[in-house]
Protein chains: 2
Amino acid sequence: MQSIMHSAQQTAGLSHGMIARPPAPDALDLLEQFGSSVTVRREHEIHGQGDSAEHCWRILTGCVRTVRLMEDGRRQVGEFLFPGDIFGLDDVAIHEFAAEAVTDVKLRRYPRRMVEALAESRPALARRLRALTLNNLHIAHERMMLLGRKTAMERLASFVLEMDRRSATPGRAMLDLPMNRTDIADHLGMTVETVCRGLAHLKREGALAICRSGVELHDRRYLRDLACEPRH
Amino acid sequence: MQSIMHSAQQTAGLSHGMIARPPAPDALDLLEQFGSSVTVRREHEIHGQGDSAEHCWRILTGCVRTVRLMEDGRRQVGEFLFPGDIFGLDDVAIHEFAAEAVTDVKLRRYPRRMVEALAESRPALARRLRALTLNNLHIAHERMMLLGRKTAMERLASFVLEMDRRSATPGRAMLDLPMNRTDIADHLGMTVETVCRGLAHLKREGALAICRSGVELHDRRYLRDLACEPRH
DNA sequence: CGCAGGGTTGATAGCCTTCAAGGTCTGTGG
DNA sequence: CCACAGACCTTGAAGGCTATCAACCCTGCG
């Protein structure tokens, strides 16, 4: 469930490139020598849908979404990604999804060829990459159940809890949601209006409060029951 | 009963028309020495949801479905699998889905530990396994779009075309569908009744005919347009 | 022949979308 | 500091798609 560890510095307004490293050594650190830093401004594209899959990225700060468009404009947001998350690694030749900056983001970019080559000689890295892909597959399976079988309210509750788990401070009442309602709707297979009404309902039920750019979680039990996730 | 004849190399990435050739060497053949044959009767379980992931399987003949249940009984059919397909390889510790025989099936079963160990020393096998996982992820992404953004009719058209592509004889008019309507419904996030009505509608439109245990495809263009898959 | 299970069709209900309008927030410029 | 514009958010009303409930059909089988 927990992918690569979220670096705790997401919130910190660190100056320049000063990023506090996670203490534990990680096979992914092997990539650093081939990485280059990239900054992308809010709402700008990192790579397009159908682009040649020449690079992958790791998020240092900010939030990224992966997006896919059908020809008639229907939109699917695949994932929201946060500091520590890696994307662009699971596409063979071209990127199935576009990647866009939800907030201003700082990234490290790695050439896929280098990554693959390095993995050939470093089993630990190869295992790490495989674990990333398997985790993404696990997430996709969860989402299939969500999209295929859950109601709008259940999807919303699941979404809020997942965002909490993936946030820099899971368990805190305050939960930042940097994406807008349209993004949430396209992530959950709903409309903007239904997302709004659902959140309003959760507010009336006392499960959460709606803040400036996020929510305050008041009743996790209620949300978990609603989301059909009794565990934890 | 033509499900027996699904080409064994469909997961090998070979083009669809080539069936008669002598079997191309496949890294997966390395597993054979550790395999054991298993037969499972129609509607019986191969492994349960939550079972320890000690084995993976390759289908020789028949059709398998992967199934996941929510606590209140809601059901999601993850995949329908056919000869040549491999399953049970993408779960880390326990199987997220159960696997059940749609028809009588003949399988080869491989111990996961052996597979993983062999992959350590055989890069070709490791790449092959990674390709399988990536392909499954690709399929999951397609299904997210289907479940999140397509209408019932579009899902049905997509389903029929996918079954055709994965059949032993893609492009043939006759298409066997060994699974029942409930399975199709739970695969597409619909109800049995909506599946029936959708098929009846496609029949009225002249897109297909409904046979004993399958369909006869009459208007692929119509289906492709409906499924939002203009390519091919 | 009767039964059982799956398939099909009809009627109704409800959830969610669509369409519409107003509200709120934020950044900008006077 | 205030006014304003635009984007985003929220809420209301109506409609449509799909689920639900119900009945019937069809087929295979003991």
Side-chain angles (χ1 to χ4, degrees), chain A residues 41-44 63 65 70 72-77 100 102-104 146-160 176-205 208-215 226, chain B residues 1 42-43 63 65 70 72-77 100 102-103 146-160 176-205 208-215 226:
Chain A
R41 299 202 71 85
R42 180 181 143 79
E43 293 300 318
H44 283 233
C63 175
R65 64 174 175 252
M70 287 172 61
D72 58 5
R74 277 177 284 185
R75 184 170 175 265
Q76 169 84 25
V77 170
E100 301 167 355
V102 172
T103 64
D104 290 352
L146 181 145
L147 294 173
R149 284 297 177 221
K150 288 188 183 178
T151 67
M153 289 305 303
E154 291 167 348
R155 294 180 202 194
L156 261 183
S158 299
F159 171 74
V160 170
D176 188 46
L177 296 176
M179 68 294 293
N180 62 32
R181 299 289 189 260
T182 304
D183 287 341
I184 297 175
D186 289 340
H187 183 55
L188 300 179
M190 305 161 49
T191 60
V192 186
E193 295 91 334
T194 305
V195 170
C196 280
R197 279 186 256 267
L199 287 175
H201 182 78
L202 290 178
K203 179 178 161 191
R204 280 194 300 274
E205 294 290 322
L208 52 75
I210 298 173
C211 308
R212 275 256 304 89
S213 169
V215 294
L226 191 53
Chain B
M1 270 289 278
R42 178 182 144 79
E43 292 301 319
C63 175
R65 63 175 175 252
M70 287 172 62
D72 59 4
R74 278 178 283 185
R75 183 171 176 264
Q76 168 85 25
V77 170
E100 300 167 355
V102 172
T103 64
L146 180 144
L147 293 173
R149 284 300 179 218
K150 288 188 181 178
T151 67
M153 289 305 303
E154 291 168 348
R155 294 179 200 194
L156 260 183
S158 299
F159 170 74
V160 170
D176 188 45
L177 296 177
M179 69 292 294
N180 63 32
R181 299 290 190 260
T182 304
D183 287 340
I184 297 175
D186 289 339
H187 183 55
L188 301 179
M190 305 163 47
T191 60
V192 186
E193 294 93 333
T194 305
V195 170
C196 279
R197 277 186 257 267
L199 287 174
H201 182 79
L202 291 177
K203 179 179 162 190
R204 281 194 301 275
E205 294 290 322
L208 53 75
I210 298 173
C211 308
R212 275 260 302 94
S213 170
V215 294
L226 191 53

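Residue numbers begin at 1 in each chain, while the letters A, B, ... track the order of the sequences. These numbers come from the heavy atoms of this one structure, side chains and all, not from hydrogens, waters or symmetry mates. Model, not experiment: these values are computed from the prediction.
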| query | Is A:R65 reaching over with its side chain to a backbone N or O of A:E100, donor-acceptor style, under 3.5 angstrom? | reply | no
| remark: A:L202 CG to D:dT10 P, in whole Å, measures 12 Å
| query | Which heavy atom in A:D183 sits nearest to a heavy atom in A:V77, and how many Å separate them? | reply | O-CG2, 3.8 Å
| query | In whole Å, what is the span from the CG atom of A:N180 to the P atom of C:dC25? | reply | 17 Å
| Once you round it to whole Å, what is the distance between P of D:dA7 and CD of A:E43? | 12 Å
| said: If I take atom CG in residue B:L177 and atom P in nucleotide C:dG7, what distance separates them, rounded to the nearest angstrom? | reply: 11 Å
| Euclidean distance, atom NZ of residue A:K203 to atom P of D:dC9 [Å, nearest integer] | 14 Å
| Distance-minimising heavy-atom pair for A:K150 and A:S158 | NZ-OG, 3.0 Å
| task | Spell out protein contact along nucleotides 17-28 of chain D as letters: B when the base is contacted, S when just the sugar-phosphate is, - when no protein heavy atom is under 4.0 Å; keep the 5' to 3' order. | result | -SSBB-------
| Under 3.5 Å: donor-acceptor pair, side chain of B:R149, backbone of A:R74 | no
| query | Nearest-Å distance, CG (A:L147) to C1' (C:dC16)? | reply | 15 Å
| field | Residue that, paired with A:D186, satisfies side-chain contact (heavy atoms from CB on, under 4.5 Å) out of A:M179, A:R75, A:Q76, A:R181 | value | A:R75
| query | Any ion pair linking A:D104 and A:R42 (charged N to carboxylate O, less than 4.0 Å)? | reply | no
| note | Atom CG of B:L199 and atom P of C:dT8 are separated, to the nearest Å, by 7 Å
| Between C1' of D:dT11 and NE2 of A:H201, the distance in whole Å | 16 Å
